[in-house]
Every structure is written in C-alpha cells, then in structure tokens.
Amino acid sequence: MGKQIADLIVSSNAVFTGLSEKPEPAAIAIANNKIIAVGTKEEISAYAGEETKVYSFVDQLIMPGFHDFHLHIMHGAVAMECVNLFSARSQREALEMIREFAQAKPDEPWVIGNVWDAAYWDTQQLPNRYALDQAVPDRPALMFHAEGHYAWVNSKALELAGIDRDTEDPAFGIIGKDEEGEPNGLLYEKAMGAVVQHAYHFSREKRRELFRNFLAYAASLGVTAVHDLFATESMAILTDYDVFHEFEAADELTMRIHLWPALDGDLERAKQLRETYQSDMLRVSGLKQFIDGVITARTAYLLEPYADQPDTRGETSFPPETIKQWAVDADKEGFAIRFHAIGDGAIRLAFDAYEAAQKANGKRDARHSIEHVEVIHPDDIPRFRELDVTASMQPDHFAMSERGVYTDRIGAEREKHVFSINTLQKAGARLAFGTDFPIDLLNPLLQVYRAVTRIDSGGADVWHPHERITLAEALRAYTAGSAYGSFREQELGTLEAGKLADIVVLARNLFAVPVEEIPDTKAVLTIVDGKVVFEHTQTLVES
C-alpha cells in the first residue's frame with residue numbers, strides 16, 4: 001500500500017506551524033480537506049503524484065489561516081461600499097468626502113458612511129444634522145462613528161425614521177437634542193435602530209452580492225475563519241444566516257463561519273439555530289450580548305465616575321440581574337457566551353455572570369469570553385485564569401481612539417490598565433484576536449502590528465510598551481487562540497498532520513522584516529478546507 005497522494009503540496013524556508021517560536025523550512029502535503037503530512041521537502045515529495053499541484057515558495061511565510069475571532073459580516077459587507085471617513089481631520093473635510101461620495105453614487109437611495117471621529121477633528125466638536133444636510137440635501141444620510149455605537153444622520157434620515165422632538169429615548173439609547181429640544185442628528189446606542197431599519201433594507205440579490213464581495217475580500221487577506229457576532233438590535237435586520245447557508249449548499253462558502261446570535265433570554269430560538277447550523281463550515285458556536293457601550297461616548301460602564309464628567313459612570317445595556325440570569329440559563333444549556341465589556345464595571349459584571357453560571361450549573365469546559373477588555377480593574381485580571389475565560393481583543397482599537405480624548409474620559413489612574421494584553425497573557429488569560437470589522441479594517445496584520453509595537457495612531461507614541469507581546473504570541477492569538485475559543489483546537493489553529501487545511505502564505509516572512517512592513521504585507525495564497533480560494537497572480541506553481 002503506497003502513500004496517500006496529495007492534492008496540493010506547499011513548501012517554504014519559512015513555515016510557522018504555531019508549535020514553536022519561529023518559522024523553519026518545511027513542506028506540507030494536503031489531500032481532500034486535511035493536512036496529511038508536514039516534513040522536509042524531501043520527505044513530502046513522496047506524496048506527489050501526477051495530478052498534485054506543487055507550490056514552492058522561497059522565503060514567503062506559510063502559516064495557519066487567520067481566524068478572526070470577532071467581526072460583523074453583513075455590516076462589514078455594507079461598509080465595504082460606504083465612504084470611509086477615518087482620515088478626515090475636520091468636519092469640513094468629512095463633509096467634502098461625503099459630498100463627493102454621494103455625487104459618485106447618484107442612484108443609491110441612502111448615502112452611508114462610517115468611521116468618523118470628531119476627536120481627530122481640528123475643533124474636536126461633534127457635528128450636527130444641519131451640516132450633513134448641506135452635503136446631502138436630497139437623500140437620507142447615515143454616518144456611523146468609528147466605534148459604531150453612535151451615528152450622525154441628516155434631517156431626511158430623521159424624517160424617514162419618524163424621529164422628532166417628541167420621540168422618546170429607547171432603553172439604552174439617546175436621541176441627541178439641541179438647545180431648542182430638536183433632534184440634533186446624533187443617535188446613540190439603540191436610538192440608531194429606527195434609522196438603520198430603513199437604510200439596511202436590502203433585496204435578497206443585493207445581500208448575495210454584498211456577501212460574495214466580503215468572501216473574496218477576506219480570502220485576499222488570508223482570513224480563513226471568522227466569528228460573526230450579534231451586533232445590536234439595530235443591526236439585526238442584517239442577520240442573514242440563510243444567505244450564508246445558501247452559499248454553503250452551492251459549495252461557494254470560502255471561509256468557516258461561526259455564528260453568535262443574541263443572548264436575550266430566548267433560548268428556544270437559540271437552540272433551534274444551533275440545531276440548524278452545525279457543519280464544519282457554518283455553525284452556531286454560542287451566544288453574544290452587550291453589557292456596555294464605549295469610552296469616548298461615555299456609554300462604557302465604569303466602577304467609578306468618568307474623570308471628565310463626574311455625574312456619570314455609564315450604564316449597563318440591561319439590568320445586571322437580567323444579564324446574570326441569561327448567562328446562568330444559557331450556560332445550563334451548554335452555550336458558550338461572549339459579553340461585549342469595555343469599562344471596568346462591565347468587565348466585572350461579565351465575570352460575575354460567568355461565576356454565577358459556574359456556581360449554579362457546576363464547573364465545565366465552557367469557553368466563555370469577554371470582548372474588547374479595554375479598561376480593566378487590576379483585581380479582575382486573575383479571574384480570566386480562575387474562570388477560564390478567553391480575552392477576545394482587537395489590538396488596533398487603541399490606535400483608533402485619539403489617546404488624549406480617551407485618557408481625559410477615564411483619567412490617568414485607570415489609563416494604566418488599558419488594553420493590558422501582555423499583563424493578561426502573563427496572568428494566564430487565553431488571548432484570541434480579531435478586528436471587529438467594520439469598526440476596524442479586516443486586515444489581520446494591522447492587529448498583529450499593534451500588538452507587537454503598541455505604537456498609537458499618531459505613529460510616534462508607544463502606548464504602554466510593557467504591554468507588547470512577541471510576534472509568535474500575536475500570530476498564535478490570531479490562529480490557535482481563536483481555534484481554542486471555538487472548541488476547534490483539534491482541527492484548526494496550527495499546521496499539523498490530521499488538521500483541516502486552512503493555510504495562508506504571506507509575501508514576506510514577518511519574522512525577518514522590519515516591524516513597520518508588517519501591516520502592508522500581502523497574502524499570496526489562501527487555502528480553506530484544502531481548496532485554493534485566493535491566489536496572487538505571480539504565485540509560483542509547478543505541476
């Protein structure tokens with residue numbers, strides 16, 4: 001009986017399997033959807049047959065595919081077609097970008113943009129609807145703030161959503177008002193919902209097109225698996241699991257998708273979804289909910305008041321007792337749970353909920369996680385290890401907020417415990433990295449770059465250098481860490497015989513280039529489930 005013949009063989013002088021601290025020369029044989037052997041080029045040549053496709057790389061880095069632990073697929077797919085306002089440094093500049101974009105898309109019923117941040121503008125003043133009316137007078141316009149927790153809209157959008165001076169704030173939401181009591185065009189948290197319902201009302205065909213574009217884009221970045229997290233009630237209109245399923249049925253799903261619907265007390269629906277979606281490519285992995293908002297909007301929940309507004313410490317999105325009860329009940333049904341928790345009060349409440357679940361239901365391998373973990377109280381750091389909770393983080397997030405504004409909100413004392421990635425890791429927390437796309441770009445290497453350098457958005461300032469981690473640790477958090485967080489460490493996250501063949505080849509060996517080259521390094525080959533889903537045209541192939 002001869003050796004199994006490989007469909008594909010990939011080799012390079014730089015293969016990072018995830019099992020050691022640095023890459024080494026190796027070749028990988030793939031048959032069907034699995035890695036069948038990893039060894040020297042000579043050893044693996046024995047697996048080559050007439051039909052085997054051989055990719056011989058020289059020094060390009062071969063590594064496990066990037067596994068994005070936190071993003072929002074359809075929201076991101078829409079954002080890919082929006083105007084990106086992150087680079088605007090004044091309201092005038094932002095409006096000019098919006099005006100040009102609107103003129104270029106005269107047939108779109110809505111003008112949609114994202115990632116503006118007034119903290120980066122010359123005046124640091126929040127905008128209003130009248131300014132946006134000047135740029136887009138004829139159509140409704142919706143501009144999501146960089147953190148996605150509030151939006152700037154024009155008068156047409158407010159009118160369509162039926163929001164006027166008499167409209168009451170929803171629970172955990174605020175309709176911004178001017179001195180006269182009129183809506184000023186800023187909608188916070190759940191107040192965005194009424195507008196989003198209209199803006200994101202897409203046909204089935206449009207949804208397919210959006211999703212197809214997203215898949216192609218992700219493959220081009222070496223992203224082989226993602227976690228699609230429930231993204232607030234206002235985004236629920238975009239929850240499109242059946243479109244994902246349609247692609248899977250047609251064998252057009254080029255990434256693994258882990259679904260995390262809402263943790264909202266409706267466990268019957270959650271169990272039904274879990275039964276419906278449970279394949280290797282598309283599965284419900286657990287449930288997700290928000291405990292708080294974000295620091296810059298002062299909607300993150302803190303233990304002590306905000307430094308620059310002492311009458312508030314933010315609030316929780318639901319009463320703490322409700323949050324704990326939902327966690328206990330879902331844990332009992334065997335669901336993994338993920339809580340968005342940015343402020344130290346929210347993080348503590350998330351731990352308390354997981355502890356309550358453990359006390360009520362007994363200890364189990366639950367793999368709950370906390371999303372973002374931005375401002376943590378030092379007393380809570382050991383609880384990651386004690387309760388075996390994953391720290392799901394997006395390192396580039398600290399470069400997305402203007403540091404001065406962020407620090408003004410929380411004050412110097414709490415600022416010492418912001419994005420404590422290395423401290424958490426040293427304390428035994430399991431790290432899993434993602435992007436939170438479309439809040440941030442989908443490029444995984446931007447997150448890796450921030451984790452290893454801690455350079456903030458200004459480009460000169462290092463935010464807590466002691467919180468840097470090594471390149472190997474950052475790559476593992478983006479591969480093995482995410483695999484563990486989804487109970488798939490036996491199948492994904494490292495390059496070993498027997499594992500599923502999800503592999504990316506990068507144009508440069510990240511371990512051998514200056515760190516500033518990391519974010520711009522491109523993927524040249526992406527393999528998902530043993531199939532090539534992206535190939536840069538110059539990729540070397542021998543048959």
Side-chain angles (χ1 to χ4, degrees), residues 69-70 172 227 229-230 258-275 284-293 300-304 313-393 417 420 423-432 481-482 484-489:
F69 202 55
H70 183 131
F172 198 66
H227 290 250
L229 274 72
F230 163 69
H258 303 84
L259 305 169
W260 296 78
L263 170 73
D264 57 7
D266 186 354
L267 284 175
E268 284 318 302
R269 176 176 174 268
K271 286 195 289 200
Q272 205 178 326
L273 287 169
R274 181 166 64 179
E275 277 163 35
V284 167
S285 289
L287 303 171
K288 186 247 178 162
Q289 191 47 270
F290 290 80
I291 289 182
D292 67 345
Y301 179 58
L302 300 176
L303 294 167
E304 301 292 330
R313 53 193 190 103
E315 56 174 334
T316 56
S317 51
F318 299 94
E321 288 318 308
T322 304
I323 287 167
K324 285 184 198 163
Q325 194 56 54
W326 284 351
V328 169
D329 296 347
D331 177 80
K332 192 176 184 183
E333 294 291 346
F335 284 101
I337 302 165
R338 299 172 68 169
F339 280 125
H340 163 116
I342 281 181
D344 50 12
I347 294 167
R348 181 165 294 176
L349 176 53
F351 280 128
D352 290 349
Y354 295 148
E355 202 168 280
Q358 208 174 82
K359 282 193 177 122
N361 306 323
K363 227 178 164 146
R364 69 183 183 92
D365 184 9
R367 313 221 181 157
H368 301 318
S369 82
I370 297 178
E371 306 304 306
H372 311 307
V373 198
E374 289 190 16
V375 184
I376 191 167
H377 191 285
D379 292 356
D380 289 314
I381 290 170
R383 298 177 79 184
F384 277 102
R385 188 172 185 169
E386 286 158 17
L387 294 163
D388 199 14
V389 171
T390 295
S392 165
M393 299 180 80
H417 307 289
S420 307
T423 299
L424 290 174
Q425 183 175 257
K426 287 223 263 315
R430 298 176 189 276
L431 296 178
S482 305
Y484 183 87
S486 38
F487 289 93
R488 302 193 77 170
E489 72 276 15

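Below, all heavy atoms of this structure are taken into account, side chains as well, without hydrogens, waters or symmetry copies.
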- prompt: Which pair of non-hydrogen atoms, one from Tyr301 and one from Gly314, has the smallest distance, and what is that distance?
  reply: CD1-O, 3.7 Å
statement: Across all chains, not counting sequence neighbours, the ring-ring contact (aromatic ring centres under 6.0 Å, His included) partners of Phe335 are none
statement: CD1 (Ile342) and CD (Glu374) are apart, to the nearest 0.5 Å, by 4.0 Å
Kindly list each side-chain donor-acceptor pair under 3.5 angstrom involving residues 316-323, sequence neighbours excluded, with atom names and distances?
from: Thr316; atom 1: OG1; to: Phe318; atom 2: O; distance (Å): 2.7
from: Ser317; atom 1: OG; to: Phe290; atom 2: O; distance (Å): 2.3
from: Ser317; atom 1: OG; to: Ile291; atom 2: O; distance (Å): 3.3

- prompt: CG of Asp292 to CG of Leu302: how many Å apart, nearest 0.5 Å?
  reply: 8.0 Å
- line: Rounding to 0.5 Å, atoms CG (Leu259) and CG (Leu229) come to a distance of 9.5 Å
field: Heavy atoms of other groups near Glu333 CD, more than 12 under 6.0 Å
entry: yes
- prompt: Between His227 and His258, is the gap from one ring center to the other below 6.0 Å?
  reply: yes
field: Nearest heavy atoms of Ile381 and Ala427, plus distance in Å
entry: CG2-CB, 3.5 Å
- prompt: Which pair of heavy atoms, one from Val284 and one from Arg274, lies closest together, and at what distance?
  reply: CB-CA, 3.8 Å
query: Do Gln425 and Thr423 have side-chain N/O donor and acceptor atoms under 3.5 Å apart?
result: no
field: Nearest heavy atoms of Arg364 and Ala336, plus distance in Å
entry: NH2-N, 4.4 Å
Salt bridge (charged side-chain N to carboxylate O under 4.0 Å, His left out) involving Arg348 - partner list, sequence neighbours excluded: Asp380
- line: One should read off an interatomic distance between Asp388 CG and Lys363 NZ, to the nearest 0.5 angstrom, of 8.0 Å
field: cation_pi(Arg338, Phe69) dist<6.0 Å, angle<=45
entry: yes
query: Can you check whether Ala262's main-chain N or O pairs, donor with acceptor, with Gln289's side chain at less than 3.5 Å?
result: no
- prompt: How long is the gap from CG on Asp266 to CD on Gln272, to the nearest 0.5 Å?
  reply: 9.0 Å
field: Step-by-step side-chain contact (heavy atoms from CB on, under 4.5 Å) determination, Ile347 to His377
entry: CA-CA 8 Å; Ile347 294 167; His377 191 285; over 6 Å; no
statement: So CG of Leu287 and CG of Asp264: to nearest 0.5 Å the spacing works out to 8.0 Å
- prompt: If you look at every heavy atom in Tyr354 and Ile337, which pair is closest and at what distance?
  reply: OH-O, 3.1 Å
query: Is the side chain of Lys324 donor-acceptor paired with the backbone N or O of Ala353 at a distance under 3.5 Å, no angle test?
result: no
message: Assess the residue pair Lys271 and Glu268 against the criterion (salt bridge (Lys or Arg N to Asp or Glu O under 4.0 Å)); give the C-alpha distance rounded to whole Å, side-chain angles, the decisive distance to 0.1 Å, and a yes or no.
response: CA-CA 5 Å; Lys271 286 195 289 200; Glu268 284 318 302; 3.5 Å; yes
message: What I'd like to find out is whether the side chain of Thr390 reaches to under 4.5 Å of the side chain of Leu431, using heavy atoms alone.
response: no
- prompt: Looking just at side-chain N and O atoms, do His417 and Asp344 make a donor-acceptor pair shorter than 3.5 Å?
  reply: no
- prompt: Below 4.0 angstrom, N of the basic side chain to O of the carboxylate: do Lys359 and Glu355 qualify?
  reply: yes
field: Heavy-atom closest pair, residues Leu424 and Ile376
entry: CD2-CD1, 4.2 Å
- prompt: Do you see a donor-acceptor pair shorter than 3.5 Å between the side chains of His340 and Glu371?
  reply: no
task: Give the intermediate values and the outcome of salt bridge (Lys or Arg N to Asp or Glu O under 4.0 Å) for residues Arg430 and Glu489.
output: CA-CA 13 Å; Arg430 298 176 189 276; Glu489 72 276 15; over 6 Å; no
